[in-house]
Structures are given as structure tokens and as C-alpha cells.
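Below is one structure, written out as C-alpha cells; the observations come after it.
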Amino acid sequence: MALLTPEDLENINRQLHEADSTVRRVTGLDIKGVCKDFYGTTPCCEKVGIVPVTSGNGIIGNFSESLRAITEYFGFDSFVTTMPDVSGYYEAVRNGAQIILMADDNTFLAHNLKNGKIANNQPCTGIIYAEIASRYMKADSKDVLAVGLGKVGFPGAAHLVNKGFRVYGYDADKALLEKTVSDLGITPFEPENPRRFSIIFEATPCADTVPESVISDNCVISTPGIPCAISRELQEKYGVELIMEPLGIGTASMLYSIL
Ligand SMILES: NC(=O)C1=CN([C@@H]2O[C@H](COP(=O)(O)OP(=O)(O)OC[C@H]3O[C@@H](n4cnc5c(N)ncnc54)[C@H](O)[C@@H]3O)[C@@H](O)[C@H]2O)C=CC1
Ligand SMILES: NCCC[C@@H](N)C(=O)NCCCC[C@H](N)C(=O)O
């Protein structure tokens with residue numbers, strides 16, 4: 001799994017505000033509004049315990065602090081435990097946490113101790129970025145290009161199919177693309193026969209995965225993928241509404257899904 005870096009998380013509040021402005025332009029709602037409408041839930045100052053985890057590649061310097069800023073932004077009452085791992089989990093529960101947030105190198109979870117609900121960041125991220133893209137008010141059709149069909153991209157593509165969109169999928173892994181075409185009934189996108197889309201969803205760990213040949217003027221590119229799927233030059237040339245943020249939107253999706 002491609003891991004976040006401290007640089008990805010710099011100025012997380014600014015990144016979140018900028019993403020929120022774009023989401024509002026694209027959907028007419030802010031991130032909170034989309035999550036509330038989609039999940040049918042609303043935070044009520046639930047206490048969130050954020051537990052640093054030292055396994056694998058270890059603690060990412062500003063990961064826990066970024067989660068604290070993000071949870072506060074979305075109306076939760078949160079704290080980061082002083083201890084990591086098992087001791088941190090114990091500390092969180094003893095200090096009244098109703099929700100636990102913690103991540104190792106493979107899984108980032110949110111667990112609601114009151115109702116037992118649990119969420120995984122990868123599907124929650126894919127689904128919310130796809131949901132935001134699907135709400136694009138100026139879309140010229142229900143055709144969507146989905147690039148990257150892995151642990152984040154597949155749930156997002158499946159969500160778009162379930163919402164009645166015609167999904168054209170592409171993945172560098174041909175076997176995975178074939179399986180996704182078969183499982184979801186999507187259309188394989190052929191880079192050699194490109195066409196333009198007003199809605200693009202991208203979830204890959206590579207840069208510049210969305211070629212100019214598929215970008216239409218003022219299209220939405222909803223992309224949790226890190227690094228960015230298009231260059232700043234293409235974004236400006238086509239007036240692209242780029243929805244991209246490293247942690248907050250996916251975390252909001254996790255939290256709203258377990259309330
Ligand atoms: N912004 C956020 O909140 C979050 C971002 N991410 C990021 O999303 C990205 C995807 O994560 P996962 O789905 O877990 O990874 P994954 O490895 O499960 O899936 C990535 C997929 O992209 C495909 N791919 C790679 N290069 C490609 C290319 N040039 N063109 C087309 N397909 C290509 C791979 O074959 C693979 O199927 C990563 O960059 C990860 O860091 C993950 C979770 C949350
Ligand atoms: N963008 C949300 C998905 C993040 C994921 N790609 C990742 O970097 N996961 C590793 C997180 C490790 C956190 C660390 N164990 C800590 O607690 O600081």
C-alpha cells in the first residue's frame with residue numbers, strides 16, 4: 001500500500017477548506033452536507049479517540065494530529081492518546097472514547113464502541129469520492145471514466161454502477177480490469193480509442209494517469225489517488241474541478257458511516 005507522508009498532510013486544514021469549496025461548487029453541498037445526505041447521519045459531538053500505531057513502518061509524524069484536526073472540522077470531540085498501540089487503545093476507552101480511529105500500514109479503521117459499527121478507509125474513500133462525482137450539477141451525461149480499480153477504486157466504481165452511471169473502467173492491471181468488467185458489468189476503456197468525459201474518478205498511486213484526450217472543459221476529476229492524476233497545467237487549461245485531498249474526506253466518510 002502507498003503510505004502517506006508528512007508532506008502529504010501539511011496544512012491539512014487549508015487542504016480541507018479548499019476541497020470543501022470545490023465540493024460545494026460541484027454538488028451544491030459541502031462535504032458535511034454530502035455525507036449527511038448520503039449516510040443519513042449527523043455527528044453530535046461524539047468523542048473520538050485517535051490511537052497512534054507503531055507497527056510496520058511506524059508512526060507518521062503528523063497523521064494523528066491531522067486526524068484530530070479533521071475530526072474537529074467535522075464536529076466531533078477528539079483526542080490523541082499519549083500512548084500508542086494496545087496501551088493507547090486502553091487509554092482511549094478509559095477516557096470515554098465512543099469511536100476509535102487507528103491505522104497500521106494496511107488498515108485504517110473507525111470503530112463505534114456504542115453501536116458496534118466499523119468502517120475501513122479504502123471502501124469509504126472510494127465510495128464518497130464517487131458519490132461526490134456523481135452529484136456534479138453540470139455533468140453532460142451519466143458516462144463516467146474510472147481509472148484505478150483497486151481497494152479504493154473498485155468500491156467507487158461499484159457505487160457508480162449502483163447509482164445508474166455508465167462506467168468506463170481502466171486499470172494498468174489487465175487481469176484486474178477483466179475481472180472488474182465481469183463483476184460490475186462496466187465497459188473497458190481503451191486508451192487507444194479515447195473520448196472525453198465530464199466526470200472522471202481516479203484512484204491510483206501514480207501521477208498523471210488521466211490523459212488530456214479524456215478531459216473535457218470544466219469536467220470534474222474526483223481523485224483520492226496520491227500523487228495527483230493530472231498536471232496543474234491541464235487542470236488550468238480545461239478549468240477542471242479537481243476534488244483531491246489526502247485524508248479528510250475519506251475519514252469523514254468513515255465516521256458518518258458508523259454513526
Ligand atoms: N485521499 C485519500 O483519502 C486516500 C487516498 N488513497 C490513495 O489512493 C490510491 C489507491 O489506493 P488503493 O486503491 O488502496 O491502491 P491499490 O494498489 O489497491 O489500487 C491501485 C490500482 O491502480 C492501478 N494503477 C496503478 N498505476 C496505474 C496507471 N498508471 N493507470 C491505471 N491504473 C493504475 C493498479 O493496477 C491498482 O489496481 C493510493 O495512492 C492511496 O494512497 C487511499 C486511501 C485514502
Ligand atoms: N489517505 C488515507 C489512507 C492512508 C494510507 N494510505 C496510509 O498511509 N496508511 C498508513 C497510516 C499509518 C499511520 C501510523 N500507523 C500512525 O499511527 O501514525
Side-chain angles (χ1 to χ4, degrees), residues 1-9 12 15-16 19 23 31 49-68 70 80-89 92 100-110 119-130 132 145-158 168-181 188-191 200-211 214 221-230 242-255:
M1 173 199 278
L3 300 184
L4 280 167
T5 68
E7 293 71 32
D8 291 330
L9 297 174
I12 193 69
Q15 293 195 66
L16 212 39
V23 170
I31 299 165
I50 299 158
V51 184
V53 174
T54 62
S55 66
N57 284 279
I59 285 173
I60 297 173
N62 49 0
F63 180 77
S64 291
E65 187 47 39
S66 296
L67 287 179
R68 200 200 51 70
I70 288 161
V80 179
T81 59
T82 56
M83 295 295 286
D85 305 326
V86 175
S87 302
Y89 188 98
I100 299 289
L101 278 184
M102 59 197 304
D104 63 16
D105 290 354
N106 299 299
T107 302
F108 171 24
L109 68 82
N120 180 304
N121 175 261
Q122 288 155 329
C124 284
T125 298
I127 288 166
I128 198 65
Y129 273 84
I132 290 168
L145 175 62
V147 178
L149 301 168
K151 294 182 284 298
V152 172
F154 183 94
Y168 294 75
Y170 179 70
D171 194 291
D173 179 334
K174 295 294 172 250
L176 180 63
L177 176 56
E178 277 177 30
K179 183 175 187 311
T180 306
V181 167
F189 174 75
E190 296 165 354
I200 297 169
F201 166 62
E202 191 269 5
T204 80
C206 296
D208 304 326
T209 53
V210 173
V214 302
I221 299 182
S222 186
T223 172
I226 302 170
C228 190
I230 62 162
L242 184 67
I243 297 156
M244 184 185 97
E245 185 277 340
L247 186 58
I249 296 173
T251 301
S253 180
M254 294 164 76
L255 291 167

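In listed order, ligands and their atoms are each counted from 1.
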Numbered atoms and elements of ligand 1 in range of [X], under 4.0 angstrom, heavy atoms:
X	result
Asp173	35 (O)
Pro246	1 (N), 2 (C), 3 (O)
Glu245	1 (N), 2 (C), 3 (O)
Ala2	41 (O)
Tyr170	30 (N), 31 (C)

* Asked: Any N/O of Leu3 closer than 3.5 Å to an N/O of ligand 2?
  ->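 There is no such contact.
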* Sub-3.5 Å N/O-N/O distance, Val53 and ligand 2 ->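 Val53 vs ligand 2: N/O contact under 3.5 Å present.
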Side-chain contact, heavy-atom cut-off 4.5 Å: [X] with [Y]?
X	Y	result
Ile60	Ser66	no
Asp105	Ser55	no
Thr209	Thr223	no
Pro246	Ile12	yes

* **Ala2, portion touching ligand 2 at heavy-atom distance under 4.0 Å** =>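 The backbone, only.
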* **Side chain, backbone, both or neither: the part of Pro246 lying under 4.0 Å from ligand 2 by heavy atom** =>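 Backbone only.
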Quick check on contacts: which atoms of ligand 2 are under 4.0 angstrom from a heavy atom of [X]?
X	result
Ile59	16 (C), 18 (O)
Pro52	17 (O)
Ala103	11 (C), 12 (C), 13 (C), 14 (C), 15 (N), 17 (O)

Would you say the side-chain atoms of [X] pair up with the backbone N or O of [Y], donor to acceptor, closer than 3.5 Å?
X	Y	result
Gln15	Asp8	yes
Asn62	Pro6	yes
Glu245	Leu247	yes
Asp85	Ser87	no
Asp171	Leu149	yes

* Glu65 CD to Ile70 CD1 distance, which is reported to the nearest 0.5 Å ->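 If we round to the nearest 0.5 Å, Glu65:CD and Ile70:CD1 are 10.0 Å apart.
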* Kindly compute the distance separating CG (Leu67) from OG1 (Thr251), expressed to the nearest 0.5 Å. =>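 Going from CG on Leu67 over to OG1 on Thr251, the span is 5.0 Å.
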With backbone taken as N, CA, C and O and side chain as the heavy atoms from C-beta onward, which portion of [X] lies under 4.0 Å from ligand 1: side chain, backbone, both, or neither?
X	result
Leu176	side chain
Thr204	both
Gln122	side chain
Pro224	both
Ile249	neither
Thr209	side chain

For [atom], which of the options [options] provides the nearest non-hydrogen atom?
atom	options	answer
atom 34 (C) of ligand 1	Thr223, Asp208, Asp171	Asp171
atom 26 (N) of ligand 1	Pro191, Cys206, Pro123	Cys206
atom 18 (O) of ligand 2	Leu247, Ile60, Asn106	Ile60
atom 11 (C) of ligand 2	Leu4, Asp105, Val51, Asp104	Asp104
atom 25 (C) of ligand 1	Gly156, Pro205, Gly148	Pro205

* Considering all heavy atoms of both residues, which atom of Phe189 and which atom of Pro191 are nearest to each other, and what is their separation? ->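 So the minimum-distance heavy-atom pair works out to O-CD, 3.4 Å.
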* Asn121 and Thr125: side chain donor to acceptor below 3.5 Å ->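 A pair is found: one side chain offers a donor N or O, the other an acceptor, under 3.5 Å apart.
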* Could you walk me through whether Leu101 and Leu255 pass the side chain to side chain contact (heavy atoms under 4.5 Å, CB included) check? -> CA-CA 9 Å; Leu101 278 184; Leu255 291 167; 4.2 Å; yes
* **Stepwise side chain to side chain contact (heavy atoms under 4.5 Å, CB included) check, Leu176 with Phe154** => CA-CA 10 Å; Leu176 180 63; Phe154 183 94; 5.8 Å; no
* Asked: Should Met244 be listed as contacting ligand 1, given a heavy-atom distance under 4.0 Å as the test?
  ->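 The answer is no, since Met244 has no heavy atom less than 4.0 Å from ligand 1.
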* Going by distance only, is there an N or O of Val147 that falls short of 3.5 Å from an N or O of ligand 1? ->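 No - when backbone and side-chain N and O of Val147 are compared with those of ligand 1, no distance drops under 3.5 Å.
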* **Nitrogen or oxygen atoms of Asn121 and ligand 1 under 3.5 Å apart** =>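 No; every N/O pair is 3.5 Å or more apart.
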* Any non-hydrogen atom of Gly58 lying under 4.0 Å from ligand 2? ->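 The answer is yes: ligand 2 sits under 4.0 Å from a heavy atom of Gly58.
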* Asked: Checking side chain to side chain contact (heavy atoms under 4.5 Å, CB included) against Ile221, which of Val147, Val214, Leu145, Val210 comes through?
  ->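 Among the candidates, only Val210 passes.
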